[in-house]
Participant: 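Please see the structure below; I have some questions.
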Amino acid sequence: MNQGNDKYISRSKSVAARMLGGEMMIMSTWDSTLFSLNQTASVIWKAADGATPLRDIVEREIVANFEVDSETAYRDALELVEELAQHGILKIADEPHR
Amino acid sequence: MLRARYGAFAATPSAHSAVRIEVELTAPAAGPDDDLQVSFEGGCWMMRRGDFTARWDPVSGRGAVRQAAYPYAIDAVMRIIHSLMLARGGGFLLHSASAVRNGRAVLFSGVSGAGKTTISRLAPPDAILLTDEISYVRGIDGGYRAFGTPFAGELGIAGEDIAAPIGALYFLRKAGRSEVAPVDAPRAAARILRDVLFFARDAALADALFATVCDFLARVPVFELSFEAKPEVWDLVS
């Protein structure tokens with residue numbers, strides 16, 4: 001399903017994550033900044049293993065479970081992971097983690 | 001000086017003391033406003049600020065401080081050491097006043113100026129003050145207890161050396177009238193983390209602390225207490 005030129009996302013080792021009150025809470029262990037992820041973001045966060053292409057994650061976790069088309073879901077997911085990467089929560093790579 | 005400041009908390013040193021710090025007095029090289037650095041080097045926590053350098057071995061509990069002859073340096077060192085001990089042991093230090101009433105502790109959290117000392121001054125006679133500045137919170141037997149601390153704010157007096165199970169946490173906000181409103185756990189997490197004392201940039205300790213804070217918020221009801229500086233505000237405190 002990977003169409004090439006995809007992204008691979010992995011969780012940063014500098015964060016702590018816990019479910020709290022039904023929300024995924026992510027804390028930077030560097031400066032204690034706290035982020036709350038919505039349902040979609042939580043799904044992507046949990047699937048960020050560094051080995052699965054982002055497009056596969058979107059198809060499997062988002063398109064299969066929510067009423068959204070593939071391209072819209074992928075575009076939104078890419079925007080989300082780039083934002084999370086800016087905060088140091090996720091890492092984005094062009095190659096899978098080995 | 002330390003006995004006067006710490007009152008009943010100043011124990012006689014013994015071989016069984018969990019923390020034992022030797023203090024060497026020096027002339028201050030700089031003021032206490034210099035940046036604090038806390039790092040783990042060679043099995044010891046190293047603490048440096050303009051007015052002190054300190055070392056503490058978390059295994060033996062032994063350490064040493066070189067500081068000027070005034071209380072703020074040792075106060076800072078004690079807060080750092082206890083924050084490290086608590087992070088590993090299921091607790092935390094919180095910028096908050098706390099008091100025991102009817103067998104339950106209540107915490108009033110907020111930054112400087114939020115009203116910690118004010119609410120402490122308004123406490124009814126049957127409330128026992130644990131602190132008006134830094135609360136000591138520990139998870140014990142599936143619940144959380146607040147302990148008295150010698151860390152005083154504007155009130156200038158140490159808390160009582162007692163502990164009680166925590167009944168509620170209130171985030172303070174000065175207002176024209178007093179009212180209380182519940183705060184859900186995710187919103188409470190964002191606020192409480194601003195008030196938790198944590199000095200070490202250590203991922204494992206930060207992870208442990210975050211787990212403790214989340215567990216605390218799952219067990220302890222949290223409210224926002226908007227309050228007018230009148231004794232009746234205590235009628236809203238459960």
Participant: What residues form a salt bridge (charged side-chain N to carboxylate O under 4.0 Å, His left out) with B/R219, not counting sequence neighbours?
Facilitator: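 Only B/D215 meet the salt bridge (charged side-chain N to carboxylate O under 4.0 Å, His left out) criterion with B/R219.
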
Participant: Any ion pair linking B/E224 and B/R187 (charged N to carboxylate O, less than 4.0 Å)?
Facilitator: no

Participant: Measure B/A200 against the heavy atoms of chain A and call it side chain, backbone, both or neither at under 4.5 Å.
Facilitator: neither

Participant: For the aromatic rings, using the six-membered ring if either is Trp, is the centroid distance between B/H82 and B/Y136 under 6.0 Å?
Facilitator: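 When the ring centroids of B/H82 and B/Y136 are compared, they turn out to be within the sub-6.0 Å range.
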
Participant: Just grab all the side-chain hydrogen bond (donor to acceptor under 3.5 Å, both in side chains) pairs involving residues 95-111 of chain B, residues at least two apart or on different chains.
Facilitator: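 Of all non-adjacent pairs touching residues 95-111 of chain B, those that pass side-chain hydrogen bond (donor to acceptor under 3.5 Å, both in side chains) are B/S96-B/S135, B/S98-B/S135, B/R101-B/D126, B/S109-B/D195.
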
Participant: Can any side-chain N or O of B/R62 pair as donor or acceptor with the backbone N or O of B/I21 at less than 3.5 Å?
Facilitator: no

Participant: Using the salt bridge (Lys or Arg N to Asp or Glu O under 4.0 Å) rule, collect all pairs that involve residues 107-120 of chain B, keeping only residues at least two apart or in two chains.
Facilitator: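 Output for this query is empty, none listed.
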
Participant: Chain B contacts: which residues in residues 14-21 of chain A have a non-hydrogen atom closer than 4.5 Å to it?
Facilitator: A/A16, A/A17, A/R18, A/L20, A/G21

Participant: Establish, yes or no, whether a centroid distance under 6.0 Å links the rings of B/F216 and B/F92.
Facilitator: yes

Participant: Taking side chain as everything from C-beta outward and backbone as N, CA, C, O, which of these in B/D184 sits under 4.5 Å from a heavy atom of chain A? Side chain, backbone, both or neither.
Facilitator: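 Contact with chain A involves no heavy atom of B/D184 at all.
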
Participant: Could you tell me which portion of B/R194 (side chain, backbone, both or neither) has an atom closer than 4.5 angstrom to a non-hydrogen atom of chain A?
Facilitator: neither

Participant: Most heavy-atom pairs under 4.5 angstrom with chain A, which of B/A218, B/A206, B/P186?
Facilitator: B/P186

Participant: Compute the ring centroids of B/W56 and B/F199, then answer whether they are less than 6.0 Å apart.
Facilitator: no

